[in-house]
Amino acid sequence: MFLDPEWSHDLSERSVLPPDERLQEFTRQTGIRVEHVPAPETGLDQLGQARELLRKGSSSPDVYGIDVIWPGILSEDLIDLKPYFAAELSSEDSDLVASYAVKGKLVAVPYHTNVGVLFYRADLLQQYGYQAPPRDWDQLEKMAARIQQGQRAKGQKDFWGFVWPGADGENLTCNALEWQVSEGGGRIVEADDTISVNNPNAIRAWKRAAHWIGWISPPTVISYQEWDAKNVWNSGGAAFWRGWASDYFLSQEPNWLTIRDRIGITSVPGGAVRVGILGGFGLGVSRSSAHPVEAMELVRFLVRRETQLETVRSRSEPPKGLELYELPAILKAYSHFDIGKHQNGSGVVSRPSSITERKYEDVARAYIRAVHSVLTGKTRAPEAAAGLEKELVGITGFKTGPPSQIRGPRKKSAEQIR
């Protein structure tokens, strides 16, 4: 039994073989039958389902898709995979592997690595005289406002400059953390176990985002889930959209509807530095599994299949009509698409899940409430940050401290921020 939240609500063709065909191939090779278990759509609901099943000691599911922010929450109920996957792990990025480790235990094997990116309408940038996508938030605001005004003047009355998921969920954690880290506002909880969220840079970043609402972003963006923002973009209703690399790169035939041949992808804009949130899934095996040997065979098969597909992608040509510019450094398989344009791509920042471990869910919920209250105008940013700081101290028992100092990328690589 395989509980993979990512596959269960993914409607795109993400590789050469659709997921269930891959599982059928595994059965043909090994004689081991695999069945998918349905999962909810939202990240917090997925976590709740996985946690309930694991803590009950259920003999199935056997294999779980483990979000990169779940290891600290689920570690006690999953097998340590480090002794069984030495060969597969030797070729993985050490920082990525560390994202799935808790106190030396490897909770999951990295499977689908993801990172936040900015999608843009390459055709509209060209029409309005822009030679490159925005590198910082000031540029994005100016471009978005001008293109929005121009498109509305042409009759597209519901056109917006910038769409993004602003509902009170984990996607807002990802967006808001990119905003504040790029401005030097820290990681909410720092690597030295200090709470850093109440600082002028984080407050300024939240206030900037609140100013977008009703100006370059629709008033309803505060209720947008990921698919809501994507649907506006797919319909040709926006100039920019903050999405995930997987929205394109893990898809064999992405459904871009009317704009399929007119899009570009770049790193998320920044301030002092550009960062994209690390996302993605690993594969873990339940400690209560009735079939642990077979479960590990499935994990090994899927990881090797993904490695093979990554090799194919790294040798392929970019899809016709797709423009790539200054991609995040982590998208190594696609770096040859855009020779000479990668030295200024973004670095990667992790959410503080490995630091806060089982308390991460409470930390994230508190952060989401605070940021969302600023976006909706219910709370002023300074008061929200001060209240959040007090709440996080109570949740974690950590002391307060300054935000970490972040340096921008140098030469051809972007610093990875942990």
Output side-chain donor-acceptor pairs under 3.5 Å for residues 292-301, partner residues at least two apart or in another chain, one line each.
from	atom 1	to	atom 2	distance (Å)
E297	OE2	R300	NH1	3.4
R300	NE	E88	OE2	3.2
R300	NH2	Y84	O	2.5

Is there a donor-acceptor contact under 3.5 Å from the side chain of S217 to the main chain of F162?
-> yes
Partner of I277 under side chain to side chain contact (heavy atoms under 4.5 Å, CB included), chosen from L177, V181, N175 | L177
Sequence neighbours left out, what passes side chain to side chain donor-acceptor pair (under 3.5 Å) with E226? Give chain and number order.
-> N171
Check: Y100 side chain, G282 main-chain N or O, donor-acceptor pair, under 3.5 Å | yes
What's the verdict on salt bridge (charged side-chain N to carboxylate O under 4.0 Å, His left out) for R208 and D138, showing C-alpha distance, side-chain angles and the deciding distance?
-> CA-CA 10 Å; R208 180 197 284 274; D138 288 337; 3.1 Å; yes
Counting only pairs under 3.5 Å, give me each side-chain donor-acceptor contact of residues 394-401, with atom names and distances, residues two or more places apart or in other chains.
from	atom 1	to	atom 2	distance (Å)
T396	OG1	L392	O	2.8
T396	OG1	F398	N	3.0

Just jot down the side chain to side chain donor-acceptor pair (under 3.5 Å) partners of R358, sequence neighbours excluded, or say none.
-> E76
Cationic tip of K230 within the cone over W233's six-membered ring, i.e. under 6.0 Å and within 45° of the normal?
-> no
Test side-chain contact (heavy atoms from CB on, under 4.5 Å) on L89 and L106 and set out the steps.
-> CA-CA 10 Å; L89 295 172; L106 187 66; 3.4 Å; yes
Using a strict cut-off of less than 4.0 Å between a Lys/Arg side-chain nitrogen and an Asp/Glu carboxylate oxygen, indicate whether D77 and R55 qualify as a salt bridge.
-> yes
Take S353 and W70, measure what side-chain contact (heavy atoms from CB on, under 4.5 Å) needs, and give me the verdict at the end.
-> CA-CA 7 Å; S353 55; W70 296 354; over 6 Å; no
List in chain and number order the residues that pass side chain to side chain donor-acceptor pair (under 3.5 Å) with W212, two or more places apart in sequence or in another chain; answer none if no residue qualifies.
-> E141
Of L78, L3, I73, the one forming a side chain to side chain contact (heavy atoms under 4.5 Å, CB included) with L54 is L78
In chain order, what residues pass the side chain to side chain donor-acceptor pair (under 3.5 Å) check against N198, with sequence neighbours excluded?
-> E389
